[in-house]
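Worksheet for the structure shown next.
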Amino acid sequence: QVQLVESGGGLVQAGGSLRLSCAASTRTFSSYAMGWFRQTPGKEREFVAAVSSSGANTYYADSVKGRFTVSRDNAKNTVFLQMNSLKPEDTAVYYCARSRYSYSRPNVETGSYDVWGQGTQVTVSS
């Protein structure tokens with residue numbers, strides 16, 4: 001069974017940076033697009049960023065475009081989310097997820113992902 005484990009969350013001041021990692025326990029990691037989502041209490045999980053299986057194509061929510069960068073290292077079965085110029089409104093639990101189908105185009109919908117990590121808390125203080 002595939003498992004995703006996020007790390008790298010924490011408390012940071014506004015304007016600071018954090019780098020999230022998501023390690024996958026599968027040898028087929030390079031066949032799947034990966035996504036990052038975030039959720040705050042009382043709100044639905046929202047799309048943040050996604051990367052194609054090869055890493056050649058990336059997609060971002062408008063709210064993070066120009067500040068966040070998604071990347072992956074298929075040799076290490078790991079996907080990253082570099083977050084710069086953080087704002088208090090970026091505070092959330094961040095989740096990584098694996099696309100439901102291999103070699104599919106990255107998608108912004110949560111229903112397009114079938115394996116999720118446990119989440120890592122990111123808190124940005126003002």
Side-chain angles (χ1 to χ4, degrees):
Q1 186 171 349
V2 178
Q3 287 190 321
L4 303 176
V5 179
E6 301 99 334
S7 60
L11 173 63
V12 64
Q13 288 189 330
S17 298
L18 282 174
R19 189 192 196 204
L20 305 184
S21 299
C22 171
S25 63
T26 173
R27 287 180 288 181
T28 61
F29 176 77
S30 62
S31 300
Y32 292 85
M34 297 293 294
W36 285 96
F37 291 76
R38 65 187 181 187
Q39 189 170 24
T40 54
K43 292 190 176 182
E44 292 189 356
R45 196 166 295 187
E46 66 171 1
F47 171 77
V48 175
V51 59
S52 62
S53 56
S54 68
N57 298 297
T58 56
Y59 306 84
Y60 299 95
D62 288 342
S63 58
V64 306
K65 203 170 292 184
R67 300 188 297 122
F68 290 13
T69 302
V70 61
S71 61
R72 64 191 297 161
D73 184 339
N74 285 342
K76 296 183 178 180
N77 290 352
T78 304
V79 61
F80 305 98
L81 185 67
Q82 177 67 44
M83 306 186 295
N84 299 329
S85 303
L86 282 161
K87 305 175 181 180
E89 51 264 44
D90 294 318
T91 295
V93 177
Y94 283 71
Y95 299 88
C96 68
R98 191 194 74 169
S99 183
R100 186 175 298 275
Y101 302 108
S102 60
Y103 301 110
S104 62
R105 183 175 179 177
N107 197 293
V108 304
E109 300 294 333
T110 56
S112 295
Y113 298 83
D114 64 345
V115 181
W116 294 82
Q118 83 287 352
T120 185
Q121 176 70 47
V122 171
T123 303
V124 184
S125 63
S126 57

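In this text the structure is predicted, and so the values were computed from the model without any measurement.
- In this structure a side-chain-to-backbone donor-acceptor pair under 3.5 Å is missing from S99 to A33.
- The shortest side-chain heavy-atom distance between D73 and F80 falls under the 4.5 Å cut-off.
- Residues passing the salt bridge (Lys or Arg N to Asp or Glu O under 4.0 Å) test with R98 are D114, sequence neighbours excluded.
- Checking side-chain atoms of Y60 against main-chain N and O of V70 turns up a donor-acceptor pair under 3.5 Å.
- Both M83 and V12 are members of a single hydrophobic cluster when ILVMFWY side chains are connected at heavy-atom separations under 4.5 Å.
- A heavy-atom distance below 4.5 Å is found between the side chains of Q13 and S125.
- Residue S71 holds its OG atom at 12.0 Å from CE of M34, rounded to the nearest 0.5 Å.
- In this structure, N107 CG and Y59 OH are separated by 10.0 Å, a value rounded to the nearest 0.5 Å.
- Clustering ILVMFWY residues whenever any of their side-chain heavy atoms sit less than 4.5 angstrom apart, transitively, puts F47 in a cluster other than the one holding V79.
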Extract all donor-acceptor atom pairs below 3.5 Å that involve side chains of residues 14-24 and protein atoms in other chains or at least two apart in sequence.
| unit_1 | atom_1 | unit_2 | atom_2 | d |
| --- | --- | --- | --- | --- |
| S17 | OG | N84 | OD1 | 2.9 |

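- Considering every non-hydrogen atom in both E6 and Y95, the closest pair reads OE2-CA, 3.2 Å.
- To the nearest 0.5 Å, atom CZ of residue R67 and atom OG1 of residue T69 are 11.0 Å apart.
- For the pair V115 and V2, the tightest heavy-atom approach, listed with the atom from each and the gap, is CG1-O, 3.8 Å.
- Between the side chain of T123 and the main chain of T91, no donor-acceptor pair closer than 3.5 Å is present.
- By the salt bridge (Lys or Arg N to Asp or Glu O under 4.0 Å) test, E46 pairs with R38, sequence neighbours left out.
- Between W116 and T110, the shortest heavy-atom contact is CZ2-O, 3.6 Å.
- Sorted by first and then second residue, the pairs that involve residues 22-36 and meet side-chain hydrogen bond (donor to acceptor under 3.5 Å, both in side chains), not counting sequence neighbours, are T26-T28, S31-Y103.
- The two residues V122 and G9 come nearest to each other via the heavy atoms CG2-CA, 4.1 Å.
- Taking every heavy atom of both residues into account, G119 and V93 meet most closely at CA-CG1, 3.8 Å.
- Not counting sequence neighbours, the partners of K65 by the salt bridge (Lys or Arg N to Asp or Glu O under 4.0 Å) test are D62.
- In this structure, the ring-ring contact (aromatic ring centres under 6.0 Å, His included) partners of Y113, at least two apart in sequence or on a different chain, are F37.
- In this pair, Y94 and F68 present their aromatic rings tilted. The plane angle is within the 30 to 60° band.
- The minimum heavy-atom distance between L81 and V48, with the atom names listed, is CD2-CG1, 4.2 Å.
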